[in-house]
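Residue numbers run from 1 in the order of the sequence given. One-based numbering, in listed order, for ligands and for the atoms of each. Every heavy atom of this structure was used, including side-chain atoms; hydrogens, water molecules and symmetry mates were not.
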Amino acid sequence: MTRSFLASGDLHLLHQTLVQAGFEVIGPRVKDDAILFAPLNHVDELPWGWQEQADAGSYRLQHTAGRRAFAWNTGPQGLKPWLFQPEQVLWRADNTEEGLCFRAVAPKPKRLAFIGLRGCDLAALNIQDQHFMAGPYADRFYRAQREQLLIVAVNCARSADTCFCVSTGDGPEARSGFDLLLDELDDGYLLQSGSDRGAAIAAQLPLKKATGKQVTEANALLAGASRQQRIMPSEAELAQLVDRLDHPHWQQVAERCLACGNCTSVCPTCFCSKQDTEGDIRNRQAEQVQRWDSCFSEQHSYITGKVVRPEIRHRYRQWLVHKLATWQQQFGRSGCVGCGRCIAWCPVAIDLVEEARALLADKPPEDDHG
Ligand code: SF4
Ligand code: SF4
């Protein structure tokens, strides 16, 4: 793909072109001391100069002297809540004199253009597409919103200490799934299109031909981001977790794990949900509500009168073995895209990479977590 150059001072024209094409623009903003995707009224609202310091159990934003809008890597959420909403009414029922009358709830998708998604976000989107849209029973809410998305992705020019997308093959370069892709340089953006829609947007921008020096600089930033990363065991190694179900390390993790579900909530590939039927006090109307659930919740494994994963060690084992090993049988790849969110947002600093390494070690390690 050929790359063009958009000067920093013209970034607002990309925003303007997306709005004129009928999209609501969603982009990264500093909110509640984190980077969150939210409606972006103007590029001035981007997190200029902000980057995160993330580590196990820790996420802090830091303002730097740099004037880059995309110097951060991840916030607590990517696309997931926009497509698979944390709470979704599926249908309603009225209790009438003629009997129960059921009404479907229609999806209300919006034309959304996302700016700032990363390679790991796009890989997670691809996994969620497989789950929600492949096969005969597609999720109509997910599908309706998915069909209205336009994606302007950004290559990562640095990695947080929690990132390991090189190991999973999902970053730091976004390779597919975008309409436009940016590399941020000091004075502007290398831009390439990944679809006809992206090319049509790009054609309306005051682009110049990218110079060899600019391409070399962008490639050097990507290479630097790759070098900064930690290493996760390979998929072939992770597949062996199914043979470690009796490893004593599960209990060591369980003694620290709060079963809070933060990790599954921030994970961009987790898709578990539950349904609740909620009636009004007069028993005239009821709603069927789908909500995010977590394999860390005791009730999530309640089957015909029995909780089949009664202890936290069973639930942590379910999360990790499914995400990293049996997911490979189900979807042809690991369920982890190396974003590191579950590591940063775990309140007790349980570290997926460290736990996987410990579980795969031939000899069970000493408990070094205190
Ligand atoms: S691993 Fe961490 S984030 Fe996940 S449930 Fe346990 S304590 Fe919560
Ligand atoms: S398991 Fe953790 S690192 Fe992997 S995709 Fe989910 S949140 Fe990201």
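Remark: ligand 1 atoms within the under-4.0 Å shell around heavy atoms of Val348 are 7 (S). Near Gly340, the atoms of ligand 2 lying under 4.0 angstrom from a non-hydrogen atom of the residue are 3 (S), 8 (Fe). Per-residue contacts place Pro347 under 4.0 angstrom from the following atoms of ligand 1 (heavy atoms of the residue considered): 3 (S). Shown in contact with Phe164 at under 4.0 Å from a heavy atom are these atoms of ligand 2, numbered in order with element: 3 (S). Which parts of ligand 1 touch Gly261 is read off a 4.0 Å heavy-atom cut-off, strictly below it: atoms 5 (S), 8 (Fe). Of all the atoms in ligand 1, the ones that sit under 4.0 Å from a non-hydrogen atom of Ala259 are 5 (S), 6 (Fe). In summary, the atoms of ligand 2 found under 4.0 Å from a heavy atom of Trp319, numbered by their order in the structure, are 1 (S).
With ring centers used as reference points, Phe37 lies 6.0 Å or more from Trp82. You'll find the ring centres of Trp292 and Phe84 inside the 6.0 Å limit.
With 2.8 Å as the limit, Cys346 counts as an N, O or S neighbour of atom 2 (Fe) of ligand 1.
Near atom 6 (Fe) of ligand 2, less than 2.8 Å away, sit the protein N, O or S atoms Cys267 SG.
Counting only heavy atoms of the protein, atom 7 (S) of ligand 1 lies nearest to Leu258 N, 3.2 Å. Among protein heavy atoms, atom 6 (Fe) of ligand 1 sits closest to Cys257 SG, 2.3 Å. Among protein heavy atoms, the minimum distance from atom 8 (Fe) of ligand 1 is reached at Cys260 SG, 2.3 Å.
Ring geometry for Phe102 versus Trp91: interplanar angle over 60°, hence perpendicular rather than tilted (30 to 60°). Trp72 and Phe70 have tilted rings, their planes meeting at an angle from 30° to 60° on a 0 to 90° scale. Taking the six-membered ring where tryptophan is involved, the planes of Tyr142 and Phe132 are essentially parallel, since the angle between them stays under 30° and well short of 60°. The aromatic rings of Tyr59 and Trp345 are tilted relative to each other, their planes meeting at an angle between 30° and 60°.
Under the 4.0 Å criterion applied to side-chain N and carboxylate O atoms, Asp55 and Arg60 are not assigned as salt-bridge partners.
A cation-pi contact, defined as under 6.0 Å to the ring centre and within 45° of the axis, is absent between Arg68 and Trp48.
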Kindly indicate, with the supporting measurements, whether the criterion side-chain hydrogen bond (donor to acceptor under 3.5 Å, both in side chains) is fulfilled by Glu184 and Tyr189.
CA-CA 5 Å; Glu184 187 172 41; Tyr189 302 87; 3.0 Å; yes
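In terms of modelled atom types and a separation under 3.5 Å, the side chain of Arg244 and the main chain of Leu360 share a donor-acceptor contact.
The number of heavy atoms from other shown groups lying within 6.0 Å of CG (Asp280) is above 12.
Remark: the Gln229 side chain and the Ser159 side chain contain an N/O donor-acceptor pair separated by less than 3.5 Å.
At a heavy-atom cutoff of 4.0 Å, ligand 2 is contacted by no atom of Trp327, backbone or side chain.
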